[in-house]
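Counting starts at 1 for both ligands and their atoms, in listed order. Just so you know, these numbers use all the heavy atoms, side chains as well, and skip hydrogens, waters and symmetry mates.
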Amino acid sequence: MNDNILNLQTIKLAKGVITLPGSKSISNRILLLAALSNNETNINDILFSEDTEIMMNALKTLGVKIVLNNDRSIKVIGNDFNFPVKESNLFLGNAGTAFRPLTAVLSIMGGSYILSGIDRMHERPIKDLVDALCQIGANIKYLKNEGYPPIKIKNPNFTNNHINIKGNVSSQFLTSILLSGPIFNYKTQKNLSIYIDGDLISKPYIDITLNLMKRFGVDIQHNNFKRFEILANSKYTSPGNIYIEGDASSASYLLSMGAIGLGPVRVYGVGKNSIQGDIEFTKILNIMGASISFGDNWIESRGIKVHSGEKLKAFNYDFNLIPDAAMTAAVLAIFADGPCKLNNIGSWRVKETDRIYAMQNELQKIGAKVISGNDWMIIYPINDNEWKDATIDTWNDHRIAMALSLAAFGKSKITISNPKCVNKTFPNYFDVYKNLIIN
Ligand SMILES: O=C(O)C1=C[C@@H](OP(=O)(O)O)[C@@H](O)[C@H](O)C1
Ligand SMILES: C=C(OP(=O)(O)O)C(=O)O
C-alpha cells in the first residue's frame with residue numbers, strides 16, 4: 001500500500017452517524033487561555049491533530065505543564081501571565097492559530113524568542129499584526145522577508161495603550177491582540193484600546209475569541225467590531241473544566257456527503273447553539289436543496305443522489321464570514337444545475353496555499369470549467385460526458401484533500417495525493433469518510 005496516494009472508488013450513497021473531532025479554532029484558543037490563566041484547566045474533547053500538537057509543544061517548550069488525562073482530555077497548569085522559559089526557538093509549522101497568537105502573547109509577555117514555520121508559513125503575511133503590536137512598544141524583527149515570518153521577539157518597552165489594526169487580510173491578527181491584551185493590562189495597569197482600520201474579514205472567529213475569553217473571566221465589549229476596550233484589571237481565571245465543540249468546518253465535508261449521497265448523515269459535536277460561524281455552511285446546503293435538521297448537539301443532512309444525475313441548485317454567495325467551509329461549497333458546485341459564484345474569498349490567497357489558484361487547478365483536472373478573479377470564483381457544473389479521471393494534488397492543504405474527496409460522488413475515478421495532509425485538523429478523515437459511504 002502506498003501511503004502517499006489514496007484511490008477513491010466512485011460513490012453512490014452516504015449514510016451514517018459520526019462524532020466530530022474537536023474544533024481546531026476553539027482547541028488552540030483554549031490551550032493558550034488555560035496556559036495564561038491562574039489555575040488548572042481540564043480541557044475535554046480537545047482536538048488531537050497537527051495544529052493543536054504544534055500549540056501544545058510550543059507551550060511545553062515555554063515551560064507550561066500539560067498532562068494527558070485520557071484520550072479525549074488534557075490538563076493544563078496555568079502560569080498566570082508568566083511562562084517560565086524566557087528564551088527559545090519555536091517551530092510552528094503552518095498553524096496560523098498558533099503562530100499569530102503566540103507572536104502577540106510573547107511580544108507582550110517579554111523574553112527572547114524566534115518563531116518560525118514551514119516554507120509556506122514564511123509566505124503568509126504577519127505585517128498587520130507586527131505593526132499593531134509595535135504601536136504599543138513590542139520589539140519584533142523580521143529575520144528574512146519584511147512582513148513575513150520568521151520573526152525574532154525581544155522584551156517590549158511599553159509606550160502607548162492604543163492600537164490601530166487592519167483586519168482585511170486575516171481576523172487572526174485581531175484575535176491575537178485580544179487574547180494577549182490582558183497581559184498588557186496586567187503589566188502596565190492601563191486599559192488597552194483597539195481600533196479596526198477598514199474592513200474586518202472572518203468576523204465569526206472574533207466572536208469565538210470573545211466568547212472563550214469570557215469563559216476565562218474577561219468580558220470585552222465592542223462597538224460593532226470597530227473598537228474594542230480591554231480593562232486594566234483583566235485577568236484570566238480558569239473555569240476548571242471546559243468542553244470543546246466538534247469542528248464545524250470539518251462537519252461541512254460530512255454534511256455535504258449526506259446532501260449529495262441521499263443521507264441521512266448526522267454529525268455529533270456541534271448543534272444549534274454552536275459558537276462557530278462555519279455552521280452557517282448549512283445555509284448553503286439548504287440553498288442547494290438539501291434538508292438540514294438541528295439538535296442541541298447534532299446536525300443532520302439529507303439530499304439527493306448526484307451519482308444518478310440529480311442536480312443541486314446553484315448559488316451566488318458571499319463567503320467572507322466562512323472562508324474555510326467555502327472550500328467545501330466550491331466542490332459541491334460541480335454537482336449544481338448552473339454556474340455557482342463564490343464572492344469575497346480573497347483571504348484564500350494567503351492560507352495553506354493560494355486556495356483560489358489550487359482549487360481552480362484541481363477542479364479543472366476533473367473536468368470543470370472555472371474562472372476566477374482576485375477574490376472570487378465561478379465554477380460551472382460538470383456534465384455527464386465531461387468527467388475526467390484525475391489525481392488531485394492537495395498542495396499540502398487539508399481542505400483541498402477533504403473537499404475534493406466529494407468529487408468521488410461524480411463519474412470519475414479520483415485519486416488523492418498526499419492524503420495525510422488532513423492531519424492538520426482531521427487526522428482520521430478518510431476513515432470516517434469510508435465508514436459513511438456506500439459504493
Ligand atoms: O481564528 C481562527 O481560528 C481562524 C480564522 C480564519 O482565518 P482568517 O481570519 O485568516 O480568515 C480561518 O480561516 C482559520 O482556519 C481559523
Ligand atoms: C486557514 C486555515 O488554517 P490556519 O489556522 O493555519 O490559518 C484553515 O484551517 O483552513
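Ile284 places a side-chain heavy atom less than 4.5 Å from the side chain of Phe319. Residues Trp395 and Arg120 are not in side-chain contact: their nearest non-hydrogen atoms beyond the backbone lie 4.5 Å or more apart.
Taking all atoms of both residues into account, the shortest heavy-atom contact from Arg100 to Pro125 is NH2-O, 3.4 Å. In plain terms, the two heavy atoms of Ala259 and Leu312 that are nearest each other are O-CD2, 4.0 Å.
The nearest heavy-atom contact from the protein to atom 7 (O) of ligand 2 is Arg124 NH2, 2.7 Å. In terms of protein heavy-atom proximity, atom 10 (O) of ligand 1 is closest to Ser170 OG, 2.6 Å. Looking only at heavy atoms of the protein, atom 9 (O) of ligand 1 is closest to Ser171 OG, 2.5 Å. The protein heavy-atom contact nearest to atom 10 (O) of ligand 2 is Arg399 NE, 2.6 Å. Annotation: atom 7 (O) of ligand 1 to nearest protein heavy atom, Lys351 NZ, 3.1 Å.
Of all the atoms in ligand 2, the ones that sit under 4.0 Å from a non-hydrogen atom of Arg355 are 1 (C), 8 (C), 10 (O). Taking every non-hydrogen atom of Lys24 and a distance limit under 4.0 Å, the qualifying atoms of ligand 1 come out as 14 (C), 15 (O), 16 (C). Less than 4.0 angstrom separates some heavy atom of Thr97 from each of these atoms of ligand 1: 2 (C), 3 (O). For ligand 2, the atoms closer than 4.0 angstrom to any heavy atom of Thr97 are 5 (O). Ligand-side atoms of ligand 2 in range of Asn94: 6 (O), range being under 4.0 angstrom from any heavy atom. Heavy-atom contacts of Lys24 reach the following atoms of ligand 2: 2 (C), 3 (O), 4 (P), 5 (O), 8 (C), 9 (O) (cutoff under 4.0 Å). Here is the list of ligand 1 atoms found below 4.0 Å of a heavy atom in Ser25: 2 (C), 3 (O), 16 (C). Under a 4.0 Å criterion applied to the non-hydrogen atoms of Ser202, ligand 1 contributes the atoms 8 (P), 9 (O), 11 (O).
On a distance-only criterion, Asp324 and ligand 1 share at least one N/O pair closer than 3.5 Å. Between Thr175 and ligand 1, no pair of N/O atoms sits closer than 3.5 Å. At least one N/O-N/O distance between Arg29 and ligand 1 falls below 3.5 Å. Looking at ligand 2, you'll find an N or O of Gly96 within less than 3.5 Å of one of its N or O atoms. The shortest N or O to N or O distance between Thr425 and ligand 2 is not under 3.5 Å.
A side-chain N or O of Asn343 and one of Asn316 form a donor-acceptor pair less than 3.5 Å apart.
Applying the ring pair (Phe, Tyr, Trp, His ring centres under 6.0 Å) test to every pair with at least one member in residues 94-131, sequence neighbours left out, gives no pairs at all.
The option from Tyr205, Phe173, Trp348 that lies nearest to atom 6 (C) of ligand 1, judged by heavy atoms, is Tyr205. Distances from atom 8 (C) of ligand 2 to the heavy atoms of Lys351, Lys424, Glu352, Arg100 put Glu352 nearest. Evaluated by nearest non-hydrogen atom to atom 4 (C) of ligand 1, the leading choice among His398, Arg355, Lys424, Gln172 is Gln172.
For the pairing with Ile108, the side-chain contact (heavy atoms from CB on, under 4.5 Å) check across Leu133, Asn185, Thr103 returns one residue only, Leu133.
Counting heavy-atom neighbours within 6.0 Å of Arg72 CZ, excluding the residue itself, gives a total of 12 or less.
A cation-pi arrangement is present between Lys369 and Tyr380, with the terminal nitrogen or guanidinium carbon under 6.0 Å from the aromatic centre and inside a 45° cone about the axis.
For the atom pair CG of Asn28 and CD1 of Ile244, the computed distance is 9.0 Å after rounding to the nearest 0.5 Å. Remark: His222 NE2 to Ile230 CD1 distance equals 12.0 Å, nearest 0.5 Å.
Heavy-atom separations between Arg120 and ligand 2 are all 4.0 Å or longer.
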Report, one line per pair, each donor and acceptor closer than 3.5 Å where one atom sits in a side chain of residues 430-437; sequence neighbours left out.
from	atom 1	to	atom 2	distance (Å)
Tyr433	OH	Ser405	O	2.7
Asn435	ND2	Asp431	O	3.4

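Panel note: side chain Ser27, backbone Thr52; no donor-acceptor pair is recorded below 3.5 Å.
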